[in-house]
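All figures in this text were calculated on a predicted structure; none of them were measured in a lab. Numbers restart at 1 for each chain; the letters A, B, ... are given by sequence-line order, proteins then strands.
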Amino acid sequence: MRDKSIFTLFLVIVCFVVTWGVFYPNFSILITSFQYKENWSLANYQEIISSSLILRSTWNSLYLSVLTVIGSAIIGTSMAILFHFLEFPGRKVFAALAPLPLLMPPLIGVIAFIFLYGESGILSRTVARTLALSAPPWRLNGPEAILGVHIYSFYAFFYTFVSTSLKQLDYSLLDAARSLGARPSQVFFRILLPLLRPALIGASLLTFMNSMASFSAPYLFGGGTPMLTLQIFNAKVNSQWELAMAESVILAFISIVALLLLTRNQEKTIGGSKGVSLTSRHTIENPILKTLLLFIGIIAVTIILLPPLTLLLISFAEDGKWTMEILPPSYTMANYLKVFSSQNFLEPIYNSLIMSALGAGVALLFALPASYLFTRTSFFGQKALVILTMVPWALPGTVLGISFAASFNSPKFFNAGIVLVGTFWILPILYFLRTLPLVLRSTQANLEQMDENLENASRSLGASFFYTLRKITIPLILPGAISGTALAFATAMGEFVTSVIVYVPNSRPISIEIASQLRAFHLGNAAVYGVLLTIIIAISLIIGRRLASSGSNYT
Amino acid sequence: MNNQETHLSLSNLSKNYGSVRAVNNLSLNITRGECLALLGPSGCGKSTILKLIAGLELPNTGQMVLANRDITKSSPETRNLGFVFQNYALFPHLSVGENVAFGLKARGKSKSVIDEKVNSSLELVQLKGLANRRIHELSGGQQQRVAIARALAIEPELLLLDEPLSNLDVALRTQTGQQLRELIKRLNISTIFVTHDQADAFALADRIALINEGQLQQVGNAMEIYFQPKNLFVASFIGHSNLLQARLVKAISEELAEYKISQELSLSAPKVENTGEVTLRIRPEAIEMLKDQQTNSLPAKILNVRFSGTTIHYYLRVQDIDLEVVRLTPQTPLDINFLNECWVKIPPNAITVFS
């Protein structure tokens, strides 16, 4: 049949992209890691084992990630449960603001932390002045600082996962447990927590992966705490390629194990039961408790809002005027005017917009046929292919960057003679590969939810395969696909870790510019870029969410 | 009906899903204007047959001829069949009118033709004036009628309905069934529908094809299937049946023989060739219940009585065998209802013998 040859063509394209863009670079990292001075050797791994620095950085990455997961889980889960079951003044506002840190790319979060809690940060100075100390009582440095930024950035994974899960929960199960004589604590530990397990596992793995991959915090908070991602970056900067490869293999291995666990967890949780939803929240009447909850909520919201507000404040600060004061002494629009009036300053924004739109747009074009292939057909090796497409998203950005830098630096047989290093195209292609799973996931979810009989009905009414695709399938899945694309675009806009390894100065993205403005102590400029980036990301995520909810009206 | 032209002919159709034979060597003809029910328990393959006819699945072996055209391998859009899905499969992003117009647009018809056809199709199912509604604004019954209008708008060769009444509530079922039958007869359109419900099949169909485990068990009108079941499956699937194991003891006459059911109970029933183990089906409404003893009557104990309006179900023990008897509710309640014992007469023509 004609449909079949079309599927075969799709499949060939998907296989080519996955082999060329995912399998080849990663495989070549693995190969190179076993080479030393152009011979097969375990020397790199021996160096890793004998080097206490690398072992220590691996250990640091691991234990900090575990602590990040624990801290984020406690904060995110308790916030979700509190806001879901209890009614108290301000609950709606708190609930709406809680996922806010997800809007800020890690780099921006880290910079905001520096402005706020750093040596000359606003809060640090405030505390030091109030307590009449010569220096702030803490230093934004070392493992504690990294952990703090991590928990701030990642607790929202737990908050959103658990909130979504709570919304879909069948509350008659809780009532049933109560009617069977279970105490509230028993209902919580024996019924509610086990029901939330898939959400908790999913959020834990995601947090763990992000934390292992975290680069901005160790990069900018500097010395003291060697982390795996930073070691890879340093090895690359010092041109110790083989060592960088071997370290990448370790990090990649950990991430891919986490990815496999994550997909397994998702497979198990497909098809949540639609049960009786929560009819009323428990209203808190006790005035003391009510005030306490309000107080906790206000503190939480302050902690959430302070970093972005600080960023906004600094963006109006006059560069060079702010030395010893708690707050910048004078404010100006000059930073914004400078960025918007100069071609040179606008260029990074423009570059990022172009490259992210290219990456996300191609991801959409690719995801439509690929998701059709993954959900509507079955063939040998399908599952492996699906997992391979997800690898660039699961890999730490550092590893992804290193693998491309090493694989596309000169024409070779396996890269189809294409050199990407030093060209404009390397970043759009990396953004495409890295964000493709986001588009694929939402497109696939929409296809799976769509009733296959709609396509059957169209065919039996006389519509061809393509007419059906054009008039029925694509219109129905497009809102979901575009909302996935918006998320992909937002992710690409905020991308820093991969970009810093392979960017080309002529087409440097906004994140690179932020880091270099910061290093030149142009705090105002860095903050302006940070604010603009956050606004662009927020707008695209809001559009994406709108589209996703308009699409769900159909099902 | 035998002299009428064959509209669709299925011969030796088989469809496998892995090692499962969903349809097994099925041959069946539908005459023009006929309404045929595919009746069987869930998972018997009846829906697969419908999908094979529509081209949504391809058979492994066999042939399908529609109006003298071999459609065995043709793609679904070229078959010109109106398929009404069990869940209606209405396009949620299109309005009622756009749904009905869909097949005509796919055929590239002009706007004026489409508008006219959409209006007439909606009028046919009594939904005139709802063309601009969204699908989710309609009730379940209305949605079903849109699905039918959409299927009829393309003037299909055949109308295929998958469980047409199963998604409707009880109150709507009878009424919709009647309207559907009226519509099919008025348009004189050949129709095949799938159902697991004997009552739906009896109410709607001219002929019923009973399917079990992918195989055709019997084709015939409702009466034939009820009174002359070809095999045990048909007998047990249709109606409440008393099924009893028995052994032929001796011939009584040309037609009748004596069957021993248990130590204490023997009955005369139509003679069969087989002399070994047989199964007797005794239709529950054909057993006579008497207050007093008559010739050939047997004493029975009344174990249980269930009154269900137009009929009364009695659960009796005759000798050492349990039997179900159904009687029409009489004008005035009989005092037999209050008895513990009675007499029953089981005429030989109430019994079908399966060897």
Side-chain angles (χ1 to χ4, degrees), chain A residues 1-8 271 274 368 372 375-380 382 442-443 445-483 546-555, chain B residues 17-18 47 50-58 71 73-94 98-109 121 134-137 146-163:
Chain A
M1 280 203 314
R2 212 166 56 131
D3 314 356
K4 230 174 197 164
S5 57
I6 294 157
F7 282 134
T8 315
K274 266 196 184 162
L368 286 174
Y372 203 87
T375 49
R376 290 284 194 266
T377 66
S378 66
F379 50 87
F380 177 76
Q382 186 177 33
S442 74
T443 316
N446 272 259
L447 262 179
E448 271 159 14
Q449 275 172 16
M450 189 183 140
D451 179 7
E452 227 174 311
N453 273 346
L454 293 175
E455 288 165 356
N456 287 338
S458 166
R459 295 299 293 277
S460 82
L461 285 167
S464 66
F465 173 75
F466 275 112
Y467 193 88
T468 305
L469 214 54
R470 204 154 52 86
K471 294 284 181 178
I472 303 298
T473 316
I474 291 180
L476 284 174
I477 62 168
L478 206 57
I482 292 181
S483 99
R546 280 276 162 79
L547 279 167
S549 65
S550 81
S552 66
N553 285 343
Y554 295 143
T555 47
Chain B
Y17 293 112
S47 291
L50 213 60
K51 283 186 173 171
L52 290 175
I53 297 171
L56 302 173
E57 299 277 0
L58 291 179
I71 58 161
K73 294 216 161 67
S74 49
S75 61
E77 65 265 31
T78 62
R79 298 192 182 199
N80 200 34
L81 304 174
F83 199 125
V84 178
F85 292 83
Q86 185 174 6
N87 62 353
Y88 316 140
L90 296 173
F91 307 130
H93 59 307
L94 304 180
E98 286 165 335
N99 262 279
V100 178
F102 187 86
L104 303 164
K105 269 194 190 146
R107 284 170 170 70
K109 296 268 196 270
S121 301
R134 310 302 305 181
I135 295 303
H136 61 83
E137 295 170 350
V146 176
I148 292 170
R150 185 177 70 177
L152 289 176
I154 60 172
E155 298 181 3
E157 282 280 348
L158 275 181
L159 188 60
L160 305 173
L161 306 152
D162 192 1
E163 298 277 3

Can you confirm whether [X] sits close enough to [Y] that some side-chain heavy atom of one is under 4.5 Å from a side-chain heavy atom of the other?
X: B/Pro92; Y: A/Leu454; answer: yes
X: B/Phe102; Y: A/Lys471; answer: yes
X: B/Phe83; Y: A/Asn456; answer: no

Among B/Asn80, B/Val84, B/Asn87, B/Thr78, residue most engaged with chain A (heavy-atom pairs, under 4.5 Å): B/Asn87
Choice from B/Ala89, B/Ala147, B/Gly55, B/Gly103 maximising heavy atom contacts with chain A below 4.5 Å: B/Ala89
Minimum heavy-atom separation for [X] and [Y], please, with both atom names.
X: A/Leu476; Y: B/His93; answer: CD2-ND1, 3.5 Å
X: B/Ile154; Y: A/Ser460; answer: CD1-O, 4.0 Å
X: B/Ser75; Y: A/Arg459; answer: CB-NH2, 4.2 Å
X: B/Glu77; Y: A/Phe465; answer: OE2-N, 4.1 Å

Please classify the contact of [X] with chain A as side chain, backbone, both or neither, using a heavy-atom distance under 4.5 Å.
X: B/Ala153; value: neither
X: B/Leu56; value: side chain
X: B/Arg107; value: side chain
X: B/Phe85; value: side chain
X: B/Ile135; value: neither

Per-residue contact mode, A/Thr468 against chain B (heavy atom under 4.5 angstrom): neither
